[in-house]
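Structure first, then comments.
These numbers were taken from a predicted model, which means no experiment stands behind them. Note that the numbering runs from 1 along the sequence shown for the chain.
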Amino acid sequence: MQILAGNELTSGAAVYLDATGRWVAELQSARVFSKDEAVARDAAIAASKATGRIVSIEIEDVEQVEGRLVPKRLRERIRSAGPTAPLSLHGAAYGRQVLGEDGHVSI
C-alpha cells in the first residue's frame, strides 16, 4: 500500500493526495494506491507537478494498524504528526497558510 506525500509550495506544510485528487493535510484522508495502480499513481504525480503548487512529492509505503494508516518510514510518521515546533510568532499563535483554489494564499 502506498500514498503520495508532498509539501505545499507556499507554506511548506506536509500534504497528502486524497481520493478526489486534492492535497489535504490529514494523512488518514490519503488515497491508498495498491501495487497494481502504479500507472494511476504516476499520473497523479505528473498532474500534481504540473500545477506547481505541490513540491517534493514522494511515494510513501504505509500499512494499516488498528484501522489507521501508518507510514513505514519514521520521517513520514513525524511529518504526519504536524510541526515539531510551536506555531507562534512573538508569542502569538498562528495557523499555517493554505494555498487557495486560485493558487494564492490569504494575507
(request) Could you identify which residues cluster with Val65, counting Ile, Leu, Val, Met, Phe, Trp and Tyr as linked when any side-chain heavy atoms lie under 4.5 Å apart, either directly or through a chain of such contacts? (result) Val70
(request) State plainly whether one hydrophobic cluster holds both Phe33 and Met1, where clusters connect Ile, Leu, Val, Met, Phe, Trp and Tyr through side-chain heavy atoms under 4.5 angstrom apart. (result) no
(message) Test of understanding: with salt bridge (charged side-chain N to carboxylate O under 4.0 Å, His left out), list the residues that count as partners of Glu37, not counting sequence neighbours.
(response) Arg31
Would you tabulate the side-chain donor-acceptor contacts of residues 38-49 under 3.5 Å, counting partners in other chains and residues two or more places apart, or write 'none'?
from: Arg41; atom 1: NH1; to: Gln2; atom 2: OE1; distance (Å): 2.7
from: Ser48; atom 1: OG; to: Trp23; atom 2: NE1; distance (Å): 3.0
from: Ser48; atom 1: OG; to: Ala44; atom 2: O; distance (Å): 3.0

(request) Scan for salt bridge (charged side-chain N to carboxylate O under 4.0 Å, His left out) pairs involving residues 63-73, sequence neighbours excluded, and state none if there are none. (result) Glu58-Arg73, Glu60-Arg73
(request) State which residues pass side-chain hydrogen bond (donor to acceptor under 3.5 Å, both in side chains) with Thr20; sequence neighbours excluded, sorted by chain then number. (result) Asp18
(message) Among residues at least two apart in sequence or on other chains, which ones pass side-chain hydrogen bond (donor to acceptor under 3.5 Å, both in side chains) with Glu26?
(response) none
(message) For a 4.5 angstrom cut-off between non-hydrogen side-chain atoms, does Leu9 reach Arg53?
(response) no
(request) Supply the atom-to-atom distance Glu8 CD to Ile54 CD1, rounded to the nearest 0.5 angstrom. (result) 5.5 Å
(message) I want to check something: taking the side chain as every heavy atom from C-beta on, are Val24 and Val15 in contact at a cut-off of under 4.5 Å?
(response) no
(request) Kindly indicate whether the side chain of Val32, heavy atoms from C-beta on, has any atom under 4.5 Å from the side chain of Ile3. (result) yes
(request) For residues Tyr16 and Glu76, determine if any side-chain heavy atom of one lies less than 4.5 Å from a side-chain heavy atom of the other. (result) yes
(message) If you compare all heavy atoms of Arg79 against all heavy atoms of Gly6, which two are closest, and at what distance to 0.1 Å?
(response) NH2-O, 3.1 Å
(request) Tell me, please, which residues at least two apart from Arg75 pass side-chain hydrogen bond (donor to acceptor under 3.5 Å, both in side chains). (result) none
(message) For a side-chain contact (heavy atoms from CB on, under 4.5 Å) check, start with the C-alpha distance between Leu17 and Arg22, then their side-chain angles and the critical distance, and finish with the verdict.
(response) CA-CA 6 Å; Leu17 186 72; Arg22 295 178 55 93; over 6 Å; no
(request) State, yes or no, whether a side-chain contact exists between Pro71 and Leu27 at a heavy-atom distance under 4.5 Å. (result) yes
